[in-house]
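First comes the structure, then the notes that go with it.
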Amino acid sequence: MSPQEPSFEQRVWLVVDAIPYGNVASYGDIALLAGHPRAARQVGRILKSLPNTSLLPWHRVISQQGKISLPGSQGSKQIDALRKEGIDVTQAGKIDMKRYRWRP
DNA sequence: GGCATGACATTAG
DNA sequence: TCTAATGCCATGC
């Protein structure tokens, strides 16, 4: 029979869930680990579509430039959540990727 | 099957 | 450092 491979969406869930505490990953990395090196945009769309019941650490996913791509109150929440994990976030919402980037 | 959208990435100025 | 333009790809209508 034909085992239906998990959707890109579900792969993203798995990858995001694998990000360890105190580390962050970029959309491009998520897409890459999910099997689609250039589907970073879809990652953002998927995370946006996440149900509030999901326990995924989506706040550990940021842009490659170490900047929060989610403006508004949600962005502030993300920054706050990252700081609670020991990640240093500048006042401009900038993060040192060289230091916190997740290396599988 | 085609068109529009998007929590991005990269390059140029 | 910041802004603008271009590319790439899955999803939804």
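Naming convention: chains lettered A, B, ... in sequence-line order (proteins, then strands); numbering from 1 in each chain. None of these values were measured; they are calculated from a predicted model.
What separates CG of A:L82 from P of B:dA7 is a distance of 18 Å, to the nearest Å. Atom CD1 in A:I95 sits roughly 13 Å away from atom C1' in B:dA7 (whole-Å rounding). If you measure from atom CG of A:L32 to atom P of C:dA10, you get 14 Å, rounded to the nearest angstrom. Protein atom CD of A:Q64 is 13 Å distant from nucleotide atom P of B:dC8, rounded to whole Å. In this structure, CD1 of A:I68 is placed 10 Å from C1' of B:dA7, rounded to the nearest angstrom. To the nearest angstrom, P of B:dT10 lies 9 Å from CZ of A:R38. Following rounding to the nearest Å, A:E9 (CD) and C:dT11 (C1') show an atom-to-atom distance of 9 Å. Distance, A:I79 CD1 to B:dA7 P: 17 Å, rounded to whole Å.
Nearest nucleotide to the A:Q65 side chain, out of B:dA9, B:dT10, C:dC9: B:dT10. You'll find that the side chain of A:A40 is closest to B:dC8, out of B:dA7, B:dC8, C:dT11. Nearest to the side chain of A:Q78, among B:dT10, C:dA10, B:dA7, sits B:dA7.
OP1 and OP2 of B:dC8 both lie 4.0 Å or more from every side-chain N or O belonging to A:S63. Considering only side-chain N and O atoms, A:H36 lies nowhere under 4.0 angstrom from the phosphate OP1 or OP2 of C:dC8.
A distance-only check finds a donor-acceptor pair linking the side chain of A:Q78 to the backbone of A:V61 [under 3.5 Å]. One N or O on the side chain of A:K94 and one on the backbone of A:Q65 form a donor-acceptor pair closer than 3.5 Å.
Residue A:K77 holds its NZ atom at 14.0 Å from CD1 of A:I68, rounded to the nearest 0.5 Å. Separating the CD1 atom in A:I62 from the CG atom in A:L70 is a distance of 12.5 Å, to the nearest 0.5 Å. Remark: A:D88 CG to A:R99 CZ distance equals 6.0 Å, nearest 0.5 Å.
Side chain A:R41 to base C:dC8: a donor-acceptor pair is found below 3.5 Å.
When each of A:R45 and A:S26 is assigned the nucleotide of DNA chain B bearing its nearest heavy atom, the one mapping closer to the 5' terminus is A:R45.
B:dA4: Watson-Crick or G-U partner is C:dT11, with both key distances under 3.5 Å.
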